Every structure is written in C-alpha cells, then in structure tokens.
Asker: 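The structure is given below, and queries will be raised subsequently.
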Amino acid sequence: MTSHPTTSELAVEVVDSMEQVSGTYPGYRRAHARGACFDATFTPSGDAAALTTAAHLQRTPVPATVRFSNSNGSPHTLDGARAGRGIAVKFRLPDGSATDLVAVNLPVFLASTPENFLNLLGALKKDPVTGVTDPARVGAYIQNNPEAAAGFQAAATMPIPVSYGTARYWAIHAFEWTDAEGRSRFVRYRWEPDLGLHELSEEDGAVLPEEYLTEELVRRLENGPVGFTLHVQLAEPGDPTNDATKAWPADREEIVAGRLEITAPVADQAHWAAEIFDPTRVTKGIALSDDPILAFRNQAYAVSYSRRTHNA
Ligand code: HEM
C-alpha cells in the first residue's frame, strides 16, 4: 500500500525530481544554480504607504541585496539560450529583519499545485534511450493541465536579454497587503527595467560566453547604477489569488511602489551565494495568499538549502 506523502515528503520528492531533470551539482541551488549578488538601495515612492504598513514601502530608503540568476539547475548552461532568469531581492529593514521578493521573467507559472509541478518534472525527465526530454510527454502534461498552457506559451517566447538589467520580471503569486486600519487588498509585483527591454536573437545569444549576463552587468555597473521600478497590480474582488497559472486582467489599477538601484557586485559573493531568498519571508503589512505553490516553495527551498549547505 502506498501512502499519500505529507507536504514535506512531497518537497523532498520534488527536489529529487529537479535533480533528475538537471543533474546534481554539490553546493549549488537545485534551481537557479548560477547567479551573482549585488548591492542595491530600494527607495519607496510613498504610494504604497496608504495600502500596507510594510517598513520598506513607506518613505525611507532601505539597503537591499539582489541575486540575479539563470533558472537552470545546472550551473553550466549557456546564458545565451532562451531560459528563465531570476531576480531575488532581500530588503534589509530598519528593525534588523529582512523580507524577500523573488521574481522571474515569466508572468504566470507552469503549474497550479505542487502535485502538478511534480507531474511536470516527471514529463521533463530525460528519456534514458535518447538522452533528451520527450516533447510528447510535455505535450501530454499540457493537455492534462490546460491551465498551464499560458505559462508554456510565455516560456516559448521569453526574451534572451542583452543584460539582466534589460528584462522584465514578475513575482507571479498574489500577496495580501494590510494598511494601518486593518484593511486588506491582494497585490502582484512586477519589476520594470529603467533601461527598457532589449533582447538578443538566438544566433547572437549562441555565440556569447557561457556566463555573459553576470560579466555584462559587472561591466555596466562600472559606468553607473542599473535601476528597476516596482509595479504593483491591485486585485479586484473575485480575481484569483490561489492560482499562479492565471494572470489578472491587464486593466487592473497599478501603482509604482518604489525604485531599486543596483550599484555594485557584493564584496563577499560566497557569503551571499550561501544565503536563502525565500518568497514566503514576508513582513508585517504583507501576508501570503492562499496559493499552494507559494506556501510549498518555502519547503522546497529549505530542502535545496539543506543539501547545498552540506555540500550535497
Ligand atoms: C513548485 C514550484 C517551485 C519549486 C519547487 C521551486 C524550487 C526552487 C528551488 C529548489 C530553488 C533553489 C532554492 C535554494 O537553494 O535557495 C529555487 C530558486 C528560485 N526560484 Fe523557484 N521554485 C518554484 C516556483 C518558482 C516560481 C513561481 C518562481 C517565480 C516567481 C521561482 C523563482 C525562483 C528564483 C528567482 C530562484 C532563485 C532564488 C535565489 O537567487 O536565491 N520559483 N526554486
């Protein structure tokens, strides 16, 4: 008799499957393995202060640490290929605590539940005979989970950015903001690059050095900071808060909550590489939505963190 796994057993199973898809690289994150960290400052616009009591969204700038990454679980994939890119931001708050915002260059996710994500990983595993993923199995996953189609469509056309600073990034999940009077509103976050959106063709991307994105950003920062504005979409009643595969209507009200200015690579890359950026690390004035993927990420990231910090 097989018993249904508890959620943490599911997290172990998911991370095991991620390793089967991408390989195991001791000491590295099981997703977004290659990345680099940068010093930054986040300056709130003040426009979010009426909607949330979160300390970094009032009026005073806070220091932040930013990790840009290539989404692959292997640290040796080409930056020039069409693939996910991440921006993880740790805002350091005046009381000594921190809150994280983790985003990718994809507006919606490829699964609505952790169980479906496990099924997707099963479909992505390389065929032992051919050594490559069987597109028919991925097609069958989308057919069985039609809500995932929008995410796959976005992934197929995601840009190969000229720079980490020329891509748009979404945090995907809904979060709940609460104001000083206790009134709540659901929101979704998006980073818009000051530099605008600039992408490469597949041919141009293929001939760039493996790690060109980090090298490019380090060089670019020698000539001045690179910025992003934090756009926040406000939900209307009835907008789904528990499904990362579903976007909200494009005409929902938005505010600009602030601007992130990235200034230089951190002095101690090894220290920051070993840190964890966890989308469930929220702060007073921000709560998690009921999205099951969001809550699950905390457990999957903990499994990956535990393995990589034990050099597994
Ligand atoms: C079931 C869904 C997901 C699973 C199982 C998963 C799993 C993971 C794991 C294991 C890591 C490495 C964690 C570490 O060792 O610190 C990671 C990193 C990351 N994930 Fe996810 N993830 C999921 C969904 C998402 C979504 C929806 C987003 C985008 C909003 C996302 C963006 C990222 C980013 C940007 C990183 C790198 C964070 C850093 O730089 O430290 N992931 N993910």
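All values below were derived from every heavy atom in this structure, side-chain atoms included, with hydrogens, water molecules and symmetry-related copies excluded. Numbering of ligands and ligand atoms starts at 1, following listing order. In this text, all values refer to a predicted model and were calculated from it rather than measured experimentally.
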Asker: Looking only at protein heavy atoms, which one is nearest to atom 11 (C) of ligand 1, and what is the separation?
Answerer: Ala31 CB, 3.7 Å

Asker: For ligand 1, which atoms, with element, lie under 4.0 Å from some heavy atom of Gly86?
Answerer: 35 (C)

Asker: How far is atom 1 (C) of ligand 1 from its nearest protein heavy atom, and which residue and atom name does that atom have?
Answerer: Phe117 CD2, 3.4 Å

Asker: Looking at ligand 1, does any of its N/O atoms fall within less than 3.5 Å of an N/O of Arg297?
Answerer: yes

Asker: When you measure from the centre of the six-membered ring of Trp248, is the NZ or CZ of Arg188 under 6.0 Å away and within 45° of the axis?
Answerer: yes

Asker: Give the atom numbers and elements of ligand 1 that come within less than 4.0 Å of a heavy atom of Ala103.
Answerer: 35 (C)

Asker: Provide, to 0.1 Å, the distance between atom 29 (C) of ligand 1 and the closest protein heavy atom, together with that atom's residue and name.
Answerer: Val104 CG2, 3.4 Å

Asker: Check this for me: does any side-chain nitrogen of one of Asp194 and Arg259 sit under 4.0 Å from a carboxylate oxygen of the other?
Answerer: yes

Asker: Check Trp170, Phe175, Tyr169 against Tyr189 for a ring pair (Phe, Tyr, Trp, His ring centres under 6.0 Å) and give me the one that passes.
Answerer: Phe175

Asker: Using ring centroids (six-membered ring only for Trp), state whether Phe296 and Phe117 fall under 6.0 Å.
Answerer: no

Asker: Give the numbers and elements of all ligand 1 atoms closer than 4.0 Å to a heavy atom of Val14.
Answerer: 5 (C)

Asker: Can a donor-acceptor pair be found between the side chains of Arg92 and Thr65 at a distance below 3.5 Å?
Answerer: yes

Asker: Which of the numbered atoms in ligand 1 are under 4.0 angstrom from any heavy atom belonging to Val102?
Answerer: 30 (C), 32 (C), 33 (C), 34 (C), 35 (C)

Asker: Check whether any N, O or S atom of Tyr301 sits under 2.8 Å from atom 21 (Fe) of ligand 1.
Answerer: yes

Asker: Any idea which of Tyr28, Tyr305, Phe109 brings a heavy atom closest to atom 27 (C) of ligand 1?
Answerer: Phe109

Asker: Heavy-atom contacts with Arg308 under 4.0 Å: which atoms of ligand 1 show up? List them by number with element.
Answerer: 14 (C), 15 (O), 16 (O)

Asker: Considering non-hydrogen atoms of the protein only, which is the closest contact for atom 39 (C) of ligand 1, and what is the distance?
Answerer: Arg67 NH1, 3.3 Å

Asker: Counting only heavy atoms closer than 4.0 Å, does ligand 1 sit against the backbone of Met18, its side chain, both, or neither?
Answerer: side chain

Asker: Would you call Glu216 and Arg220 a salt bridge, taking side-chain N to carboxylate O under 4.0 Å as the test?
Answerer: yes

Asker: Which atoms of ligand 1 are found less than 4.0 Å from any heavy atom of Ala171?
Answerer: 30 (C)

Asker: I'd like to know if Arg34 and Glu210 make a salt bridge, using a cut-off of under 4.0 Å between side-chain N and carboxylate O.
Answerer: yes

Asker: Less than 3.5 Å between some nitrogen or oxygen of His173 and one of ligand 1, yes or no?
Answerer: no

Asker: Check if Ala244 has a non-hydrogen atom at a distance under 4.0 Å from any atom of ligand 1.
Answerer: no

Asker: With distance as the sole criterion, is a donor-acceptor pair present between the side chains of His32 and Arg85 under 3.5 Å?
Answerer: no

Asker: Could you tell me whether Glu147 and Lys246 have a side-chain N and a carboxylate O separated by less than 4.0 Å?
Answerer: no

Asker: Just need the protein heavy atom nearest to atom 10 (C) of ligand 1, so name the residue and atom and give the distance.
Answerer: Ser304 CB, 3.5 Å

Asker: Which of the atoms of ligand 1 are close to Ala300, meaning less than 4.0 Å from one of its heavy atoms?
Answerer: 5 (C), 10 (C)

Asker: If only side-chain N and O atoms count, and only distance matters, is there a donor-acceptor pair under 3.5 Å linking Asp291 with Asn242?
Answerer: no

Asker: Does an N or O from Arg29, backbone or side chain, lie closer than 3.5 Å to an N or O of ligand 1?
Answerer: yes

Asker: Which of the numbered atoms in ligand 1 are under 4.0 angstrom from any heavy atom belonging to Ala88?
Answerer: 39 (C), 40 (O)

Asker: Please determine whether a side-chain nitrogen of the Lys or Arg among Glu176 and Arg185 lies less than 4.0 Å from a carboxylate oxygen of the Asp or Glu.
Answerer: no

Asker: Any salt bridge between Glu236 and Arg252, counting N to O under 4.0 Å?
Answerer: no

